[in-house]
Amino acid sequence: MSDRLLVASRKGLFRFRFSGGEWRAGAPAFPGEPVSALLADPRDGRLYAALRLGHFGVKLHRSEDGGETWTELQAPTLPAGAGGAADLPGVDMIWTLVPGGADRRGVLWCGTLPGALFQSSDGGETWSLVESLWNMPERANWSGGGYDHPGIHTILVDPRDAARLTIAVSTGGIWISTDAGANWRLAGRGLRAEYVPPALANDPASQDVHRLASCRAAPDIVWCQHHNGIFLSTDGAETFTEIAPVAPSAFGFAVAAHPADPETAWFVPAVKDECRIPVDGRLVVNRTRDGGRSFQALSTGLPGGASYDLIYRHALDVDGTGARLAMGSTTGNLWVGRDGGERWTLVSAHLPPIAQVAFG
Amino acid sequence: MPRISFTANLQRHVSSPPREVQAGTVREALETVFAENPRLRSYLLDEHGRLRRHVSIYVNDRMIADRGGLADALAGEDEIFVFQALSGGW
């Protein structure tokens, strides 16, 4: 099981270690600074932290020593004229950083607000915009989902073939490339949107996918936490089937897939959809172990009432064994789950709002 | 010669001591500093060369007028102050 847990928060990056039966944190990196995304690269142990400085813009840092020291790298930027509009925004936030495949050391992918995809071939030293996606005419139909601009929050790299990429856009559906980003096509048939006119409800490009998670041992199994519910794909995100009903709610942001068991996944339900707090104030983690046919609302160790914790889309993680989970909330609570989420322990109740948790 | 100084809150990210600059506009003053301190650029300007939304620049006691082009003229002993705006923090 993973004994190191990284937490990206509104006011710093926290590193927890499990030692002597307890999770302990050292001094935060980037104290006081908003950390929007992090990556612990399993290929070389490097850590990456993306900052969204309120005054001074998006920054990217890398650590070669487990987070003791950090070096600033050049953050991805949109080239001049890339959007063709005088009021084109710059990169506003790095939303996700992912490694580019076990056999492509140094390759990283980065999804941002506004909805751009970037690639690095040198461990984040330099970045290039994936222009094939940025220049797609269909991108004009993407729209903001919670932010003013659409954003790319999920990048799945197929462990069998690192050239097969699946990205999810909020809001703009799911896009697949089978040639390392040279060409893209719309996927995600079967997703359903209630926030557009009925004629567009099943339009794949109108879908507000909140997060995708795939099973590492069976990458064609892709779980989708969507604005309108929970969906499952068994063909690599090409088509989805809605899973309903789901109690106490099918609304949420986060999803984690078991790394070895394609039937098991975890979700964190909230009141749909403007309220966005736990149903009846009870925070639960919804787990299925039978491919979505049934769910167990796991609550042992979680607040049984008066909870206002929302779990952002990157703030639920499962370790490589599938037994240990971590979850951080907008209220600054951090929990670790044992035995596949059967029992949860509050690690801290005093952190800043949490954007991402990651074992590694 | 004009003199430029930077908010203390910038110093924890990138060192930027005050200095004199031979420059006729705010843009020229910043470019002079960036030439010696290239990392500072992305902290003050976005990738399109515009002043970041939550950064403000004053020439003496007057906020600059041209946030996009930074063409505000400098003269003699002008003092340029680069501040963070009272917005954009969280």
Side-chain angles (χ1 to χ4, degrees), chain A residues 9-12 28-36 49-61 70-94 112-114 116 118 125-129 134 147-149 330 332 352-353 355, chain B residues 4-19 26-59 63-71 80-90:
Chain A
S9 84
R10 181 74 69 87
K11 293 183 183 290
F30 315 108
E33 310 297 355
V35 184
S36 63
L51 309 185
R52 188 193 194 197
L53 303 180
H55 298 93
F56 305 123
V58 167
K59 306 293 175 234
L60 180 65
H61 293 257
W70 296 82
T71 302
E72 185 175 351
L73 307 175
Q74 192 170 347
T77 57
L78 290 167
D87 60 351
L88 174 74
V91 171
D92 181 43
M93 183 172 84
I94 291 176
T112 67
L113 282 169
F118 294 87
E125 302 271 346
T126 59
W127 294 89
S128 55
L129 175 69
W134 184 254
Y147 291 96
D148 289 344
H149 297 283
T330 53
Chain B
I4 187 167
S5 59
F6 301 89
T7 169
N9 288 310
L10 196 50
Q11 307 305 316
R12 71 175 188 271
H13 301 293
V14 51
S15 175
S16 44
R19 54 165 290 176
V26 170
R27 169 76 68 185
E28 289 174 15
L30 289 175
E31 291 295 344
T32 300
V33 180
F34 295 156
E36 293 179 4
N37 190 355
R39 204 159 67 84
L40 182 60
R41 178 186 297 273
S42 82
Y43 283 79
L44 303 181
L45 308 182
D46 72 9
E47 56 260 64
H48 307 301
R50 300 171 300 205
L51 189 62
R52 288 199 178 279
R53 193 154 60 100
H54 300 296
V55 173
S56 55
I57 298 181
Y58 289 75
V59 176
M63 187 179 288
I64 62 168
D66 183 11
R67 293 180 59 87
L70 303 172
I80 308 157
F81 301 100
V82 178
F83 286 120
Q84 40 184 166
L86 292 179
S87 61
W90 54 73

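Keep in mind that this is a model prediction, so the values were computed, not measured. Letters go in sequence order (proteins before strands), and every chain restarts at 1.
- Sparse packing is recorded around CZ of Arg53(B), with 12 or fewer heavy atoms of other residues, nucleotides or ligands lying under 6.0 Å away.
- In summary, the side chains of Gln11(B) and Ser16(B) do present a donor paired with an acceptor at a separation below 3.5 Å, with no hydrogens or angles considered.
- Contact count against chain B (heavy-atom pairs under 4.5 Å) is highest for Gly90(A) among Gly90(A), Pro352(A), Ala75(A).
- Looking at Arg12(B), only its side chain comes within 4.5 Å of chain A, counting heavy atoms on both sides.
- Relative ring orientation between Phe56(A) and His13(B) is described as perpendicular, the plane-to-plane angle rising above 60° on a 0-90° scale split at 30° and 60°.
- A cation-pi contact, defined as under 6.0 Å to the ring centre and within 45° of the axis, is absent between Lys11(A) and Phe30(A).
- The residue among Gly49(B), Gly68(B), Ser42(B) with the most heavy atom pairs within less than 4.5 Å of chain A is Ser42(B).
- Of the residues considered (Leu45(B), Thr7(B), Leu44(B), Leu10(B)), Leu10(B) shows the highest number of contacts with chain A, using heavy-atom pairs under 4.5 Å.
- Glu33(A) touches chain B through its side chain: at least one heavy atom from C-beta onward sits under 4.5 Å away, while N, CA, C and O do not.
- With contacts defined as side-chain heavy-atom distances shorter than 4.5 Å, the pair Phe81(B)/Ile57(B) does not qualify.
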